[in-house]
Amino acid sequence: MSIYDSMNERQREAVFHTEGPLLILAGAGSGKTRVLTHRIAYLIEEKGVNPWNILAITFTNKAAGEMRERVDRLVAFGAESVWVSTFHSACVRILRRHIDRLGYDSKFTIYDSDDQKTLMKDICKRLQIDTKQWKEKTLLGIISSAKNELIGAQEYEMNTMGDFSKRKIAEAYKEYQRQLRTNNALDFDDLIMKTVELFKLNPDVLEAYQERFKYIMVDEYQDTNTAQFKLISLLASKYQNLCVVGDDDQSIYKFRGANIRNILNFEDVFPSARVVKLEQNYRSTKTILDAANHVIRNNLERKNKTLWTANDGGAPIIFQNFMTAYEEAEYIAEDLAKRVAAGDGNYSDCAILYRTNAQSRLLEEKFLLANIPYRIIGGVNFYARKEIKDLLSYLKTVDNARDDLAVRRIINVPRRGIGAATLAKVQDFAVENEISFYNALRAAEEIPALGRSVAKLKPFVTLIQTLRAQQEYFSVAELLKEVIDRTDYVKELEDENTEESRARIENIDELISKAASYDEEAENPTLSGFLEEVALVADIDNLEENNDRVVLMTLHSAKGLEFPNVYLAGMEDGIFPSYMTIVSEDPTDLEEERRLCYVGITRAMRQLTITSARSRMIRGETQYNKVSRFIQEIPRELVQVGSMIKPKVQELPKQTAYIQAKQAFQAKAFEPKQYKVTKADKLEYGVGDRVKHIKFGAGTVENIVEGGKDYEVTVNFDRAGVKKMFAAFAKLKRE
DNA sequence: GGCATAGCTTTTTTT
DNA sequence: AAGCTATGCC
């Protein structure tokens, strides 16, 4: 029996079709990773393809690692020679070797969005662009979109003739690229675009890689952008052995430049392409799959396919609507704990998915209270944290002092009494003499305008020079420790001794151990190598499997994952679908949200619980939302609607299931205006009074603010601390 | 010239 | 709720 016997016919068709373009339309849970890994195995074992000639592109480093591992298990040997990586890391690898052809130094650094913003802020100042009118982020967004479409600064400028505001943007774009070049840095989009540029300008290099990668596979193809498409087209144009796998229904990265046309028009670009559809789902129960199918059916822009499963019907989907996001979070924590306690899976079998990172806060709070082990993916990326960026900037400066941004970030961290005025003078000197910022620092004595400030700059330069001298003899971890020692970075945090500073120290410890494990594991560890690795990690890459914790993450991060028990939280119009897409004139924006919903539903294997809240705090103010329109698209018979308000809190006579169902499903009943709080004419308590809350117990009223709809009462509870609450909900009783 | 603080604004998703 | 900017103070 061969390893291919256990596959279904479609899957086998995809595996055995090795020559020429191939489009695999793989629905959610249809075993596409399995197909890809078996296809690689088949190429190597049966077709005698040299593993060295295979390139597999995945979406995240985590997916790449998993794929390599799985191929390793299927193939006797050679798996390690297969290139499995993300677009970005593949491009970095190529650029490190050949970027000198484009006039860059091979030691280039990679700018994250934080660095980009700092740089753009600087440019706006210099070009006198009003950042009230054009925010840095907006400009960067426009530049990013241009790069994703392979439109360079020059070309962008040519297209903007006559349009005044666009010309200003073009100017910013040009200056931005110029700055990147002088700093010897690339941003994320550059990694792809510069590689395409490299191939276009250097046919010999392109040909070498075409020969190298005779067989190319691309996973999550629906989320590739134009630049990425061009890249693989170039690579595959010689041998045409391009296999792409994707699901147009799971395209959720349009905002990042993903071009859904890449998958919808694949057959037009490669007329000889074979198309294989994988429509059998092995992951979810019939109920869950039915729900997903009914939701996605409302999209117009999609390839025709219907996912089916031979799995059981399974448990109904549970839908719960709550008064507040607070209760919602509480319910999820309780329900989850109950299920785990009942032996219905482990914590790691559960995932909470939400639309925005901000929603994780409340959930986290409740999980902490309930003592449920959890892990939050996303939010502020580990490597984007201040303390980590500070220390990495030191390492960057030691490694590549052409990166002005890094130098400027740390020159006054820890405080050395060097301020904006001093920096401006150094900057002027650097521009005048066309040298880097750091070299200007080294020559500080020659800047007359500085005066006595020179004395403050000297120790910094000495420090960097010393570290640079040590670099040769130190491992990355040792160098990092040296930085920490010499700057007293951790010592300052220790003195601060707050909860926040302790968390920062923990992060620093984690960074040290990451450096140490890099030193150990890398084939040929270098400082540049470490910095590069660190620049390209996504948060999801660090999701360890052998850890019994609930995962909390955005729907976007959840792509490609599966969990027996999934909670979709915050299913409200305005949250999901987001407000922006509801008011958007472009109806395809809403379709993308629906695809996201489809992705969310199809993550669940056995149990899906959907929750929403009538009110929730957003950016400091309470919002009232209707139940998400996507809920209406799920057939009623698949859903079990739970009680809306927890009986504990609410003492109304129990409503029948029918009335509850009606309430939950009649979206019209949830017009914001209809949600009225009966504002008491007068409260029975005042500031300073002792009151009692059903859950928090006794406390003292600290403040009462009269809002439009209700009184907002601040109470300092003896046990639970200070809470702000609406009088109508709090039901406070005078003690 | 540098540092602390009080108001002011927020695109949701990320390699 | 939180980060950033402008302002005032040392």
Side-chain angles (χ1 to χ4, degrees), chain A residues 57-64 85-92 110-114 116-118 121 125 131-132 135-138 140-142 144 147-148 186-192 220 223-225 227-228 251-258 353-362 365 377-381 383-384 386 412 415-425 449-453 456 500 534-541 553-559 570 574-584 589 592-593 595-597 599-600 616-622 724:
Chain A
I57 302 273
T58 59
F59 201 67
T60 62
N61 291 306
K62 177 170 182 272
S85 74
T86 64
F87 269 110
H88 295 273
S89 16
C91 287
V92 171
I110 300 162
Y111 276 5
D112 67 11
S113 45
D114 230 52
Q116 289 179 284
K117 216 175 141 196
T118 314
K121 208 181 277 172
K125 210 177 282 168
T131 49
K132 290 233 167 61
K135 287 183 205 86
E136 298 91 340
K137 255 180 157 175
T138 319
L140 286 167
I142 294 168
S144 174
K147 287 183 177 178
N148 287 331
L186 301 181
D187 66 18
F188 284 130
D189 302 312
D190 278 340
L191 294 178
I192 315 288
E220 306 285 8
D223 286 319
T224 51
N225 61 38
Q228 291 165 335
S251 161
I252 54 174
Y253 281 104
K254 193 171 92 179
F255 72 93
R256 200 170 85 184
L353 311 181
Y354 36 78
R355 181 64 236 270
T356 69
N357 280 307
Q359 288 168 256
S360 66
R361 281 192 90 89
L362 263 182
E365 213 173 277
I377 309 285
V380 185
N381 188 318
Y383 292 105
K386 183 186 176 303
N412 200 30
R415 295 231 148 71
R416 298 184 176 93
I418 302 165
T422 308
L423 294 185
K425 285 171 195 156
L450 280 177
R452 285 191 300 146
S453 303
K456 292 174 177 166
E500 197 195 330
V534 148
L536 294 175
V537 289
D539 224 41
I540 195 80
D541 296 335
M553 63 186 140
T554 62
L555 288 146
H556 281 90
S557 304
K559 193 174 76 155
I575 304 281
F576 188 29
S578 76
Y579 178 72
M580 293 298 282
T581 56
I582 291 175
V583 297
S584 166
D589 284 350
E592 175 142 316
E593 292 281 297
R595 290 194 290 269
L596 194 55
C597 181
V599 167
R616 80 170 62 233
M617 275 282 231
I618 288 161
R619 285 197 225 108
E621 62 176 330
T622 310
K724 258 189 202 169

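Numbers restart at 1 for each chain; the letters A, B, ... are given by sequence-line order, proteins then strands. Keep in mind that what you see is a predicted model, and the values were worked out from it rather than measured.
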Exercise. If you measure from the P atom in dC4(C) to the same atom in dT13(B), how many Å do you get, rounded?
Worked result: 16 Å
Exercise. NA contact type, Lys425(A), heavy-atom cut-off 4.0 Å: base, sugar-phosphate, or nothing?
Worked result: sugar-phosphate
Exercise. Expressed in whole Å, how much space separates the C1' atoms belonging to dT11(B) and dA6(C)?
Worked result: 25 Å
Exercise. Hey, does Asn412(A) reach any base, or is it just sugar-phosphate, or nothing, if we go heavy atoms under 4.0 Å?
Worked result: sugar-phosphate
For this session: Calculate the interatomic distance between Lys386(A) atom NZ and dA2(C) atom P; express it in whole Å.
Result: 17 Å
Exercise. Rounded to the Å, how far apart are Lys121(A) NZ and dG3(C) P?
Worked result: 13 Å
Seminar exercise, completed: From CD1 of Ile418(A) across to C1' of dC3(B) the rounded distance in Å is 15 Å
Exercise. Taking protein heavy atoms under 4.0 Å as touching, what does nucleotides 9-15 of chain B look like 5' to 3' if B marks base contact, S marks sugar-phosphate-only contact and - marks none?
Worked result: -BBBBBB
Exercise. Is any side-chain heavy atom of His556(A) closer than 4.5 Å to a side-chain heavy atom of Ile252(A)?
Worked result: yes
Problem set entry | Sub-4.5 Å side-chain heavy-atom contact between Lys147(A) and Asp187(A) | yes
Problem set entry | Side chain to side chain, Thr86(A) and Leu536(A), heavy atoms closer than 4.5 Å | no
Exercise. Is the Phe59(A) ring parallel, tilted or perpendicular to the Tyr253(A) ring (thresholds 30°, 60°)?
Worked result: tilted
Exercise. Given the C1' atoms of dT12(B) and dT5(C), what is the spacing between them in whole Å?
Worked result: 24 Å
Exercise. Can you check whether Thr224(A) reaches Phe87(A) side chain to side chain, under 4.5 Å on heavy atoms?
Worked result: yes
For this session: Kindly indicate whether the side chain of Ile110(A), heavy atoms from C-beta on, has any atom under 4.5 Å from the side chain of His88(A).
Result: no
Exercise. OP1, OP2 of dG2(B) versus side-chain N and O of Thr422(A): anything below 4.0 Å?
Worked result: yes
